[in-house]
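A quick write-up on the structure given underneath.
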Amino acid sequence: MQKPMISSNRSWNQSQWLRLVAGSMVLISLSLSLIKVNWLFLTAFVGLNLLQSAFTKWCPLIAVLQKLGVRE
């Protein structure tokens, strides 16, 4: 049987935090766009940031997480 990725005795790694923050930002901005359509720019920004990080292998959030001491 395969172990779960997130266990109660280990802290989250950078990849897990990145997915959590990016997914949350997309869902929050989509929800807020129901009030004001300009919130869709935040959704586009997150998507473009994820796209550029795939090519450049650099993401601003990862730099922040490294400074906070989150494990790779």
Side-chain angles (χ1 to χ4, degrees):
M1 190 162 103
Q2 187 177 6
K3 288 184 177 180
M5 288 295 288
I6 301 172
S7 63
S8 60
N9 60 354
R10 291 184 59 184
S11 62
W12 284 17
N13 63 27
Q14 292 173 1
S15 177
Q16 290 169 307
W17 277 108
L18 177 66
R19 288 182 177 96
L20 175 74
V21 172
S24 297
M25 293 301 289
V26 167
L27 291 176
I28 289 168
S29 64
L30 285 174
S31 299
L32 289 171
S33 73
L34 297 173
I35 298 168
K36 186 161 173 110
V37 74
N38 287 344
W39 282 104
L40 290 175
F41 288 114
L42 180 58
T43 306
F45 174 76
V46 172
L48 287 171
N49 190 23
L50 289 170
L51 186 64
Q52 73 80 27
S53 70
F55 292 104
T56 64
K57 295 185 177 32
W58 181 80
C59 176
L61 180 59
I62 294 296
V64 171
L65 292 173
Q66 286 173 341
K67 287 184 181 187
L68 291 173
V70 176
R71 67 183 176 88
E72 288 186 42

Interatomic distance, [X] atom [atom1] to [Y] atom [atom2] [nearest 0.5 angstrom]:
| X | Y | atom1 | atom2 | value |
| --- | --- | --- | --- | --- |
| Trp39 | Met25 | CH2 | CE | 7.5 Å |
| Ile62 | Lys57 | CD1 | NZ | 13.5 Å |
| Leu50 | Phe45 | CG | CZ | 10.0 Å |

According to a hydrophobic-cluster definition based on side-chain heavy atoms being under 4.5 Å apart (Ile, Leu, Val, Met, Phe, Trp, Tyr only), do [X] and [Y] belong together?
| X | Y | result |
| --- | --- | --- |
| Leu42 | Val37 | yes |
| Ile28 | Trp17 | yes |
| Ile35 | Leu40 | yes |

Go through the steps to decide whether Glu72 and Asn13 satisfy the test side chain to side chain contact (heavy atoms under 4.5 Å, CB included), and finish with yes or no. CA-CA 5 Å; Glu72 288 186 42; Asn13 63 27; over 6 Å; no
Locate the shortest heavy-atom distance separating [X] from [Y]; write the atom from each residue and the value.
| X | Y | value |
| --- | --- | --- |
| Val46 | Val26 | CG1-CG2, 3.8 Å |
| Cys59 | Gln52 | CA-NE2, 4.5 Å |
| Trp12 | Leu20 | CZ3-CD2, 3.5 Å |
| Arg71 | Ser11 | NH2-O, 2.6 Å |

Go through it in stages, so that I can follow the logic: the residues are Val21 and Leu65, the test is side chain to side chain contact (heavy atoms under 4.5 Å, CB included), and I'd like the CA-CA distance, side-chain angles, deciding distance and then a yes or no. CA-CA 11 Å; Val21 172; Leu65 292 173; over 6 Å; no
Criterion side chain to side chain contact (heavy atoms under 4.5 Å, CB included) on Ser33 and Thr43, from CA distance to verdict: CA-CA 9 Å; Ser33 73; Thr43 306; over 6 Å; no
message: I'd like to know if the side chain of Gln14 and the backbone of Val70 have a donor-acceptor N/O pair within less than 3.5 Å.
response: yes
